[in-house]
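Working notes, structure below.
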Amino acid sequence: MEKKNIDWANLGFGYVQTDKRFVTNYKDGAWDEGGLISDATVTITECAGVLQYAQTCFEGMKAYTTEDGHIVTFRPDLNAERMENSCKRLEMPVYPQDKFIDAVVQTVAANEAYVPPYGSGATLYVRPYMFGSDAVIGVKPSSEYQFRVFTTPVGPYFKGGVKPLTIRVCDYDRAAPHGTGHIKAGLNYAMSLYAIMDAHRQGYDENMYLDAATRTKVEETGGANFLFVTKDNKVVTPKSNSILPSITRRSLLVVAKEYLGLEVEEREVFFDEVKDFAECGLCGTAAVISPVGKIVDHGKEICLPSGMSEMGPTTKKLYDTLTGIQMGRIEAPKGWIKVIK
Ligand code: PLP
Ligand code: COI
């Protein structure tokens, strides 16, 4: 298979149109057979539920070329399960989990020429998503839906690659205590756009959101969970019902415990404790683990001991082990790797 002529090493996190996408429609209570198409555009009514009332959710995953030349994805069963939870919370029909995985496999396989080569530093980002596609004008769920999967080759989510980030404590909230923070609803991202642009205008890379009820506990950023390392080398991640259950974070806890022999704690993390941590990182499919060097709370700076020039040592070990598993250099726990080709 001849790869596309793309400058893989210099890709950012952007959209590059690839050849095929998977599409299936839900009508009269059932999904049609679905299949791959070439047309990258979507045509829907002006009154579609997604356009009027933001009835949409999505997933994010990656396909990797392994050291021995296979194309694989990482724990797609967990994306399928999370998408089911998102759909249920948004009154959308579930696309069956086995079919979700099959649609991802088909779409990646059909875009094989866009899967970045091993060692290029890039990956193929996979975006499954669903939206209400028929007309609704009273506030109610759509009765017709479209589920699609497209792919795009991507490089690092943050421009500096693995250079530590400077983030700020955000005055805006991301998710209400009993709201939709735990699902991957498009609306969670729409309402974060002002906050992220405001952070960028003030010179910060990202926002640290606190819990909306008490503003004392660390939640997550707009697109990744937090991971901290204590001075005695414990890995700590915030537990909250209003953060997205990151597949990367859940996997990193297993990596920390089972592969690196570290103690791990998933618990409430008070902002007051943050000044005592040795390392901080943002973890997610897009972010992988992006190190944080500085956290600014209304002018008060918390400088992580790991500094602003490179990842902290434990974060680096976690990063190397996780990416080693994804790229086939390190043996994966059973069921983590789905071979596509
Ligand atoms: N938190 C938010 C708000 C996200 O958008 C993402 C990205 O998917 C994550 C966390 C990380 O989740 P995952 O590791 O499953 O990609
Ligand atoms: C992902 O990591 O897959 C996400 O969906 C996060 C988004 C900010 C790109």
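In listed order, ligands and their atoms are each counted from 1. Please read these numbers as outputs of a predicted model, since none were measured by experiment. Scope of the values below: all heavy atoms of this structure, side chains included, with no hydrogens, waters or symmetry mates.
Close N/O approach between R174 and ligand 1 is not found [any backbone or side-chain N/O within under 3.5 Å]. Inclusion of T285 in the set of residues having an N or O under 3.5 Å from an N or O of ligand 1 is warranted. Between G60 and ligand 1, not a single N/O pair is under 3.5 Å apart.
For Y189 and F58, the ring centers sit closer than 6.0 Å to each other. For Y172 and Y209, the ring centers sit 6.0 Å or farther from each other.
A cation-pi arrangement, defined by a distance under 6.0 Å to the six-membered ring centre and an angle within 45 degrees of its axis, is present between R201 and Y194.
The ligand atoms of ligand 1 that sit less than 4.0 angstrom from a heavy atom of Y189 are 2 (C), 3 (C), 4 (C), 5 (O). For ligand 1, the atoms lying closer than 4.0 Å to a non-hydrogen atom of G284 are 11 (C), 14 (O), 16 (O). Close contacts of ligand 1 with N225, meaning ligand atoms under 4.0 Å from a residue heavy atom, involve 1 (N), 10 (C). Near K184, meaning under 4.0 Å from one of its heavy atoms, ligand 1 places the atoms 4 (C), 5 (O), 6 (C), 7 (C), 8 (O). Against a heavy-atom cut-off of under 4.0 Å, R82 is close to the following atoms of ligand 1: 12 (O), 13 (P), 15 (O). Against a heavy-atom cut-off of under 4.0 Å, E220 is close to the following atoms of ligand 1: 1 (N), 2 (C), 3 (C), 10 (C).
Under the 4.0 Å criterion applied to side-chain N and carboxylate O atoms, E220 and R174 are assigned as salt-bridge partners. Salt bridge status for R249 with E266: present, with a side-chain N to carboxylate O gap under 4.0 Å.
Residue-level proximity to ligand 1 for S246 is carried by backbone and side chain together, each with a heavy atom below 4.0 angstrom. By the criterion of a heavy-atom distance under 4.0 Å, neither the backbone nor the side chain of M61 is placed next to ligand 1.
Membership of the apolar cluster around F13 extends to Y125, V154, Y157, F158, L165, I167, V169, M208, L210, V218, F226, F228, V236, V269, F271, V274, F277, L282, V292, I295, I302, L304, as traced through chained side-chain contacts below 4.5 Å between ILVMFWY residues.
Within the structure, ligand 1 lacks E59 among the residues with a heavy atom less than 4.0 angstrom away. In this structure, R250 does not count as a contact residue of ligand 1, since none of its heavy atoms falls inside 4.0 Å of the ligand. Using 4.0 Å as the threshold, S251 has no heavy atom nearer than that to any atom of ligand 1.
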Any protein N/O atoms within less than 3.5 Å of an N/O atom in ligand 2? List the atom names and distances, or say none.
from	atom 1	to	atom 2	distance (Å)
ligand 2	2 (O)	A286	N	2.8
ligand 2	3 (O)	Y125	OH	2.6
ligand 2	5 (O)	Y125	OH	3.1
ligand 2	5 (O)	K184	NZ	2.7

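Hydrophobic clustering places V136 together with V139 (ILVMFWY residues linked when any side-chain heavy atoms are closer than 4.5 Å, directly or through intermediates).
The shortest non-hydrogen separation linking E91 to Y145 is O-OH, 3.3 Å. Closest approach of V50 to I44, counting heavy atoms only: CG1-CD1, 3.8 Å.
Shown here is K140, whose NZ atom has no more than 12 heavy atoms of other residues, nucleotides or ligands within 6.0 Å.
Partner of M311 under the side chain to side chain contact (heavy atoms under 4.5 Å, CB included) criterion, chosen from K316, K163, E279, K317: K316.
Not one N or O on the side chain of R21 forms a donor-acceptor pair closer than 3.5 Å with the backbone of L36.
Ranking protein heavy atoms by distance to atom 6 (C) of ligand 1, first place goes to G223 O, 3.2 Å.
D171 and H298 are linked by a side-chain donor-acceptor pair at a separation below 3.5 angstrom, with hydrogens and angles left out of the test.
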